[in-house]
Amino acid sequence: MTVTIVGSQLGDEGKGGVVDVYGDPADVVARYQGGDNAGHTVVHDGEEYKLSLVPSGAVRGKVGILGNGCVVNLRTLFDELNTLREKGLDPDVRIAERAHAILPFHRVLDGIEEDVKSESDQEVGTTGRGIGPTYEDKAGRRGVRIGDLLDPDVLRERLEYVVPQKRALVEEVYDIDVDDLDDPDAFDVDALYEEFREFGERLEEENMTVNAGAFLSDAIADGQNVMFEGAQGTLIDIDHGNYPYVTSSNPTAGGAATGTGLGPGVVGDGEIIGIVKAYLTRVGSGPLPTELGGVVGDTPGYDEETEGRNEDLATYIRDEGGEYGTVTGRPRRVGWLDLPMLRHATRANGFTGLAVNHIDVLAGLDEVQVGYTYELDGEEVRTIPSTTEEWGRCEANLRSFEGWPEVDWSEVADEGYDAIPENARTYLEFISDELDVPIYAVGVGPGREETVVVENPYE
Ligand code: IMP
């Protein structure tokens with residue numbers, strides 16, 4: 001049986017915690033898209049692990065797969081594996097031979113393009129990990145796949161084709177001398193060949209590469225439980241997100257099929273769980289109709305003098321929820337829950353269950369609001385419009401809910417759903433009714449044990 005975990009909003013919904021809680025009965029945890037732009041913290045036996053590539057289940061003794069839809073930075077992967085091994089773990093991670101390798105020049109190009117875009121305020125606010133440029137090369141049929149690293153002749157041939165193009169792009173389009181860059185070797189065929197051939201040898205020695213689709217379908221045929229772990233979220237999906245402020249892959253549930261090599265029926269036969277944060281956060285630019293307050297440089301058109309925004313509330317929620325970038329410390333933009341966004345995500349993913357996180361963060365507020373519909377050019381709309389420009393013109397029609405008190409959330413987690421304060425349950429049931437999807441779990445604190453499990457998808 002399969003369970004797919006998908007972010008329903010803009011990433012950072014707390015997917016890692018749900019993967020952790022529901023992952024216990026899973027034998028295999030597979031990622032199907034993205035790369036080291038994700039970030040999750042796993043606490044295991046009292047030890048904290050910060051991972052961006054290794055699927056969190058691998059820390060708990062599951063087989064971790066990086067599917068063909070992933071882009072893999074082997075420097076990051078081996079760093080993470082080395083760290084885990086130093087701490088006495090022996091994670092079993094396999095990489096699809098069809099996955100693409102992030103090469104050092106992809107990172108450099110990610111940075112250059114963001115700089116150029118920022119001159120006209122068009123930057124996406126990427127994580128700078130080379131994700132977009134790697135997927136570009138994949139679609140452009142000039143990428144280097146993990147399987148190519150295993151064959152010295154193929155690797156050299158691929159590099160000899162692609163590297164001169166990238167060098168020319170930097171020098172002739174962006175007018176930057178490659179030798180002035182921090183990492184000029186990123187554009188040197190021989191240096192790249194040497195480093196990546198070594199990675200290829202290590203992958204081979206450690207028997208780490210697989211035909212992911214075949215591996216996973218055998219596991220399913222064997223009666224094993226498989227979890228597909230989505231990274232990022234629906235609204236930063238390249239197709240269903242707010243283009244161009246998106247990542248370059250498909251975090252939505254369809255990606256679990258194309259990004260692993262299994263049929264959509266296999267994914268659809270299982271459960272698809274939408275992870276919802278009880279409010280909204282956003283990293284980087286783009287519209288956010290329910291935004292409270294604003295973040296200079298990220299909120300479009302925002303400056304600190306702007307009136308009518310609810311700064312104190314935004315700061316309160318940001319601080320209570322620790323809504324600062326894990327790596328950069330950058331404050332995340334904060335808003336109320338947005339139902340048009342969740343209606344869009346429910347349709348695009350076909351959720352069979354919801355896990356709503358962080359209801360504890362909103363505790364103690366007198367009133368909690370929800371963006372119920374939008375007003376767009378004089379019309380009421382119930383879902384996200386297709387263009388980002390239209391979305392940017394949407395104003396949220398808010399609905400109000402009575403707040404719920406601060407309580408002992410660990411006790412609530414022990415006692416179960418009925419111990420959740422009544423007003424919070426009213427809020428949860430409203431979301432579930434509006435989306436016509438049952439609540440499977442409620443996050444009431446940051447720890448794995450601070451989750452109220454209503455439904456276990458593998459049972
Ligand atoms: P990229 O994935 O680095 O190309 O970044 C593209 C967009 O996706 C940017 O707005 C990033 O902030 C956003 N993004 C990428 N990964 C994550 C994530 O794990 N959580 C939240 N936002 C993300």
Side-chain angles (χ1 to χ4, degrees), residues 5-19 31-42 50-56 69-73 76 100 102 106-118 121-139 229-252 255 259 275-277 279-288 295 297-300 318 321-335 341 345 357-358 388 391:
I5 303 289
V6 182
S8 65
Q9 295 153 324
L10 291 141
D12 307 315
E13 298 93 350
K15 293 177 288 294
V18 179
V19 169
R31 280 192 57 185
Y32 54 87
Q33 46 74 228
D36 55 343
N37 47 348
H40 42 269
T41 308
V42 187
K50 286 202 181 302
L51 303 171
S52 59
L53 202 50
V54 171
S56 46
C70 294
V71 287
V72 183
N73 185 325
T76 314
H100 279 246
I102 299 182
H106 290 125
R107 269 194 180 220
V108 178
L109 290 167
D110 196 351
I112 295 177
E113 183 154 11
E114 282 285 277
D115 278 352
V116 172
K117 282 188 165 176
S118 73
D121 282 337
Q122 292 190 64
E123 72 271 28
V124 175
T126 71
T127 60
R129 305 287 155 93
I131 306 294
T134 308
Y135 280 113
E136 262 179 60
D137 282 347
K138 169 179 174 174
E229 178 179 350
Q232 291 85 44
T234 301
L235 268 296
I236 46 178
D237 180 289
I238 183 125
D239 287 285
H240 305 292
N242 66 125
Y243 193 89
Y245 304 107
V246 291
T247 192
S248 301
S249 65
N250 288 121
T252 43
I275 316 304
V276 177
K277 190 184 267 189
Y279 49 95
L280 212 50
T281 56
R282 174 163 205 157
V283 182
S285 198
L288 196 63
V295 172
D298 284 345
T299 305
R318 186 179 297 125
E323 298 294 356
Y324 294 87
T326 348
V327 181
T328 54
R330 189 169 142 197
R332 294 183 181 143
R333 296 163 65 194
V334 174
M341 180 184 289
N357 280 326
H358 294 337
T388 298
W391 193 27

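These values consider heavy atoms only, across backbone and side chains, with no hydrogens, waters or symmetry-generated copies. Note that ligands are numbered from 1 as they come in the structure, with each ligand's atoms numbered from 1 the same way. Positions are given from 1, in the same order as the sequence printed here.
Looking at Leu235, Val283, Asp12, Ile236, it is Ile236 that brings a heavy atom closest to atom 8 (O) of ligand 1.
Protein heavy atom closest to atom 5 (O) of ligand 1, with residue, atom name and distance, is Thr126 CA, 3.4 Å. Ranking protein heavy atoms by distance to atom 3 (O) of ligand 1, first place goes to Thr127 OG1, 2.6 Å. For atom 10 (O) of ligand 1, the closest non-hydrogen atom on the protein side is Val124 O, 3.4 Å. Counting only heavy atoms of the protein, atom 9 (C) of ligand 1 lies nearest to Gly125 O, 3.3 Å. Scanning the protein heavy atoms around atom 2 (O) of ligand 1, the nearest turns out to be Thr247 OG1, 2.6 Å. With hydrogens left out, the protein atom closest to atom 19 (O) of ligand 1 is Asn37 O, 3.4 Å, a heavy atom. In terms of protein heavy-atom proximity, atom 17 (C) of ligand 1 is closest to Gln232 CG, 3.5 Å.
No hydrogens or angles considered: a donor-acceptor pair under 3.5 Å links the side chains of Thr134 and His106. Thr252 and Asp237 share a side-chain donor-acceptor pair at under 3.5 Å.
Rounded to the nearest 0.5 Å, atoms CZ (Arg332) and CG (Leu288) are 13.0 Å apart. Of the inter-residue distances, the one linking Ile131 atom CD1 with Gln232 atom CD reads 7.0 Å to the nearest 0.5 angstrom.
No donor-acceptor pair closer than 3.5 Å links the side chain of Lys15 to the backbone N or O of Ile5. Between the side chain of Arg129 and the backbone N or O of Asp36, at least one donor-acceptor pair lies under 3.5 Å. Put simply, the side chain of Ser52 never gets that close to the backbone of Gly39: no donor and acceptor are under 3.5 Å apart.
For ligand 1, the atoms closer than 4.0 angstrom to any heavy atom of Leu10 are 21 (C), 22 (N). Below 4.0 Å from some heavy atom of Ala38 lie the following atoms of ligand 1, by number and element: 19 (O).
In this structure, Val246 counts as a contact residue of ligand 1, since one of its heavy atoms falls inside 4.0 Å of the ligand.
Across every non-hydrogen atom of Tyr279 and Val334, the tightest pair is CD1-CG1, 4.5 Å.
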